[in-house]
Amino acid sequence: MDVKAAVAFAAGQPLKIETVQLDHPRAGEVLVEIKATGVCHTDAFTLSGDDPEGLFPAILGHEGAGVVVEVGAGVTSLKAGDRVIPLYTPECRNCSYCLSGKTNLCQAIRVTQGQGLMPDGTSRFSINGEKIHHYMGTSTFANYTVLPEIALAKIRDDAPFEKVCYIGCGVTTGIGAVINTAKVEVGSNVVVFGLGGIGLNVIQACRMVGANMIVGVDINPKKRALAEKMGMTHFVNPLEVEGDLVPYLVDLTKGGADYTFECIGRTQTMRQALECCHKGWGVSVIVGVAGAGQEISTRPFQLVTGRVWKGTAFGGAKGRTDVPKIVDWYMEGKIDIDSLITNVMPIEQVNEAFDMMHRGDAIRTVLTF
Ligand SMILES: NC(=O)C1=CN([C@@H]2O[C@H](COP(=O)(O)OP(=O)(O)OC[C@H]3O[C@@H](n4cnc5c(N)ncnc54)[C@H](O)[C@@H]3O)[C@@H](O)[C@H]2O)C=CC1
Ligand SMILES: N[C@@H](CCC(=O)N[C@@H](CSC=O)C(=O)NCC(=O)O)C(=O)O
Ligand SMILES: [Zn+2]
Ligand SMILES: [Zn+2]
């Protein structure tokens, strides 16, 4: 079938809206009509050429919501008409990772997903006979896409696509980093580096679990008001701090933070986030994705003296199990998504959405079809 997609033909080039060809779902696969998709910094990261797994041409996008149109042979958990959220971290419930009870990093299809292919090693997308790569197993910058059944969370029928698509990455990553990965306790002092689409969800989760001090760090002062609305208690602009940021944050948190979250993707801020943790017990969670070839460093003494460095992917969430629950939280008014969706525009304006993100003028832009 012919579908409309924003195609990334080469690193660093604007996306082009094209009519591309999409094959029908094969065994274990599902055809989904994407109704809305968020634009996450990771899409920009891959488009920039900094992603070692970045492949071109590709259809980017991994923060979508839509409706099942057709199921392939053997699909049992979904049917036409079901509302779904695509999962870049699938949940097969059968691989050793899923069965370990220790991680959300299902590996059932990770190899082919990283190669921009479906689990059988082929692509469903093409243009004029040339293969187009899938991206993160989701490719939500297309009005129809094909995914494995294990990479779809079935959600309730009254969930609005233009809001809950954000649960496909940013909301779940931020909230999950706090609840699943760090397990922030009541009364904790927290520092959040980066007040974008992920960091603001970290902040709202810290507020939800009853954190005491929630310090937000960002070089863009325009982020302050919304961060305060989400629960930030103190704002720090590193460009306005005289001297080193780390001792400033240690002083502010009276000895160091119990938990810190790096939601930027810069190795320098990852180090700062670790080193402003409290001696003896502070935990720093890396959420941001750093570019190809970059490495983190610190003095090992930082760890010897009790600070812990961790990371999180998709907030440690098991998608098919946890995403429907997070949709319920939104529908029940327990979490705020609406305030964080700053722009809604048609897919044709996808490049404008990237420009706004780079200028720091948007938290989340949602594209519609
Ligand atoms: N681990 C995971 O599963 C996930 C990771 N990510 C990653 O999280 C990071 C954040 O993503 P978004 O929130 O969508 O990005 P964003 O662009 O919305 O937010 C980044 C924020 O960092 C701020 N910032 C930039 N440089 C800074 C500096 N030197 N000091 C302080 N603040 C600075 C910006 O002003 C902006 O507010 C990205 O690296 C993204 O790839 C995103 C989703 C999931
Ligand atoms: N491909 C990159 C790493 C990209 C990355 O870390 N992705 C995150 C999700 S970011 C979402 O916006 C993730 O879940 N990683 C786990 C995984 O298995 O990919 C590289 O090669 O550095
Ligand atoms: Zn993302
Ligand atoms: Zn699995």
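Whatever order the structure lists them in is the order used to number ligands and atoms, beginning at 1. Only this structure's heavy atoms are used, side chains among them; waters, hydrogens and symmetry mates stay out.
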query: Do we get Lys35 above Phe369's six-membered ring, with its NZ or CZ under 6.0 Å from the centre and within 45° of the axis?
result: no
- prompt: Does NZ belonging to Lys222 count more than 12 external heavy atoms closer than 6.0 Å?
  reply: yes
The Zn ion (ligand 3) reached by His41 (N, O or S, under 2.8 Å): no
- prompt: Ignoring hydrogens and geometry, is there a side-chain-to-backbone donor-acceptor pair from Thr253 to Leu249 under 3.5 Å?
  reply: yes
task: Please check if the side chain of Glu63 supplies one atom and the backbone of Gly170 the other of a donor-acceptor pair under 3.5 Å.
output: yes
- line: side chain to side chain contact (heavy atoms under 4.5 Å, CB included) with Met356: of Ile363, Asn343, Asn351, only one passes, and it is Asn343
Of Asp322, Val202, Ile335, the residue whose pairing with Ile175 passes side chain to side chain contact (heavy atoms under 4.5 Å, CB included): Ile335
Sub-6.0 Å ring centroid separation between Phe56 and His133: no
query: Apart from Ile219 itself, which Ile, Leu, Val, Met, Phe, Trp or Tyr residues share its cluster (side-chain heavy atoms under 4.5 Å, direct or through members)?
result: Leu239
task: Please name the atom of His62, restricted to N, O or S, that is closest to the Zn ion (ligand 3).
output: NE2
message: Parallel, tilted or perpendicular, judged at 30° and 60°: which one describes the rings of Phe354 and Phe141?
response: perpendicular
Side-chain polar contacts of residues 272-290 - donor-acceptor pairs under 3.5 angstrom, sequence neighbours left out - could you list them?
unit_1 : atom_1 : unit_2 : atom_2 : d
Glu275 : OE2    : Arg271 : NE     : 2.8
Glu275 : OE2    : Thr298 : OG1    : 2.6
Trp281 : NE1    : Asp258 : OD1    : 2.7
Ser284 : OG     : Thr260 : OG1    : 2.7

The Zn ion (ligand 4) neighbourhood, protein N/O/S only, threshold under 2.8 Å: Cys92 SG, Cys95 SG, Cys98 SG, Cys106 SG
field: Verdict with reasoning, Tyr88 to Phe314, per ring pair (Phe, Tyr, Trp, His ring centres under 6.0 Å)
entry: CA-CA 8 Å; Tyr88 60 83; Phe314 197 39; 5.0 Å; yes
List, for ligand 2, each N/O atom that has a protein N/O partner under 3.5 Å away, with both atom names and the distance.
unit_1   : atom_1 : unit_2 : atom_2 : d
ligand 2 : 1 (N)  : Asp51  : OD1    : 2.9
ligand 2 : 1 (N)  : Glu53  : OE1    : 2.8
ligand 2 : 12 (O) : Thr42  : OG1    : 2.6
ligand 2 : 12 (O) : His62  : NE2    : 3.1
ligand 2 : 18 (O) : Arg110 : NE     : 2.7
ligand 2 : 19 (O) : Arg110 : NE     : 3.4
ligand 2 : 19 (O) : Arg110 : NH2    : 2.9

- prompt: To the nearest 10°, what's the angle at the Zn ion (ligand 3) between atoms SG (Cys40) and SG (Cys169)?
  reply: 130°
